[in-house]
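On a predicted model such as this, the values are computed, not experimentally measured, just so you know.
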Amino acid sequence: MLDAGGDGLPLLYHSGTPGGAVPWPAGIAAARSSGLRWVTYSRPGYGSSTPQPGRTVADAAADSATVLDALRVGEFVTFGWSGGGPHALSCAALLPDRCLGAATIAGAAPSLEPDLDFLAGMAEDNVEEFTLASKGREVLAPALEEMAQPYRSVTGEQLVEALGGLLSEPDLAALRGPLADYIAALAREAVRVSAEGWVEDDLAFCDPWGFDPASITVPVAVWQGRKDLMVPSSHGEWLAAHVPGARPHLLDGVGHVSLVARIGEVLDDLAEHRRR
C-alpha cells in the first residue's frame, strides 16, 4: 500500500495491467491540487502482494475496503487506468455507501457482453495476449512469464521499444520523461517477483466481472481516447452507454498513454462531480 498522506478526501488509484504500487509524482501532485489524498495498492500477485488465483474483478472491492480500513478512512473516490478501470468500477458498484465517485481512464469493458466485440480495434499484441487468456491459466501463465522478463529491468527510455505496436502516434509523443519513468517503474514492480498478478488480471477480464455495471448508482466519468490501440474506444463507448448516468469524455486524437497524461483534468472532474 502507498499512502501519500494529507487531509483531503482519499483517492484510491487502481493501476493498469501489469502494474504495482509505486509513487507517481505527477498523479500525487494532481490529487493534492484537487483536494484529494492519493492512495494506491498492488492487486494480488503483483510485487509483494499475496497471490489470489481465481480472483474476480469484483474481489477488488473487498481488497479496497481492507486498504481503506487499515488507513481508518471511510468515504473515498476512486479511479483506474486501463486494466485498473474495471476494478475502480467494482468499488462504485459494491461499495456504494463509501464510494462517492469513480472514473475510468482508458478502462476495459466486460469481455463477455454480446453487444461488444472485445478484441476489435486492439493492437495485435493485445489480441494475442487475450487469445492466450481465453485458453486458460495453463497456456497463459508461461507466456506471460516470458513476456515479463524484459519488464523486470525496463527503463523509461526503453518503453517505446518494449511496447512496440501497442502505441499510437499520440502515445509515442507522450511516452517520455517523468511519465515514461513512472510507467517503467510500475511495470518493474508488477513483475518483480513473478507474472502472477498479470495472469490473474487477464483471467479475471475473460470471466464475468462479478457485478453488473448497470447496477452502479454513484457518479462515474468514462475517459477514453479514440486513438487507443490497447483498449479501443469501443470499450469507453460501451461503458458510457451502460453505466447509468455516466459522464463520457471520448476524446479525438488521444491514445492510451496520452490520455493518462491528462491526470489533472481527470481528477478535477472527479472531485467536482463526486456525490456530496
Side-chain angles (χ1 to χ4, degrees), residues 1-50 60 63-73 76-85 87-88 91 102-107 148 150-160 162-163 171 174-198 201 223 230 256-271:
M1 179 176 63
L2 191 158
D3 174 18
D7 298 326
L9 178 70
L11 166 71
L12 185 62
Y13 166 46
H14 301 266
S15 62
T17 300
V22 295
W24 181 13
I28 293 169
R32 287 176 176 159
S33 178
S34 299
L36 302 171
R37 171 185 174 183
W38 182 275
V39 177
T40 189
Y41 73 102
S42 293
R43 289 190 293 279
Y46 285 129
S48 300
S49 185
T50 304
D63 290 342
S64 298
T66 299
V67 169
L68 296 166
D69 290 346
L71 296 174
R72 298 187 178 183
V73 297
F76 70 104
V77 292
T78 186
F79 84 99
W81 176 35
S82 190
H87 299 93
C91 292
T104 67
I105 305 178
Y151 287 119
R152 293 195 168 104
S153 60
V154 72
T155 65
E157 292 79 8
Q158 296 168 336
L159 268 182
V160 168
L163 293 174
D171 290 340
L175 192 59
R176 61 183 63 185
L179 180 58
D181 291 339
Y182 162 67
I183 296 172
L186 185 85
R188 291 195 303 268
E189 174 62 16
V191 298
R192 175 170 54 83
V193 176
S194 75
E196 175 62 22
W198 194 354
D201 267 3
W223 294 80
M230 299 191 202
H256 198 79
V257 176
S258 50
L259 181 58
V260 81
R262 305 171 73 142
I263 184 63
E265 185 180 349
V266 172
L267 297 187
D268 282 347
D269 177 82
L270 179 57

Between the main-chain N or O of [Y] and the side-chain N or O of [X], is there a donor-acceptor pair closer than 3.5 Å?
X	Y	result
S194	E196	yes
S42	G47	no
T78	L12	yes
R43	S15	yes
R188	V154	yes

Margin query: Looking at every non-hydrogen atom in both residues, tell me the closest pair between Y41 and S64 and how far apart they are.
Written below: OH-OG, 3.6 Å

Item checked: Least distance between heavy atoms, A174 atom then V257 atom -> CB-CG1, 4.2 Å

Check: More than 12 non-hydrogen atoms from neighbouring residues, nucleotides or ligands closer than 6.0 Å to CG on D7, yes or no?
Finding: no

Student check: side-chain heavy atoms of [X] and [Y] closer than 4.5 Å:
X	Y	answer
R32	W38	no
D63	P44	yes
V160	R176	no
H14	C91	yes
H87	D201	yes
W223	V260	no
V73	V39	no

Next item on the list: Mind checking the CD1-CD1 spacing from I28 to I263? Nearest 0.5 Å is all I need.
Entry: 11.0 Å

Notebook entry, point to check: Hey, what's the ring geometry for Y13 with F79, parallel, tilted or perpendicular (30° and 60° as the breaks)?
Noted result: parallel

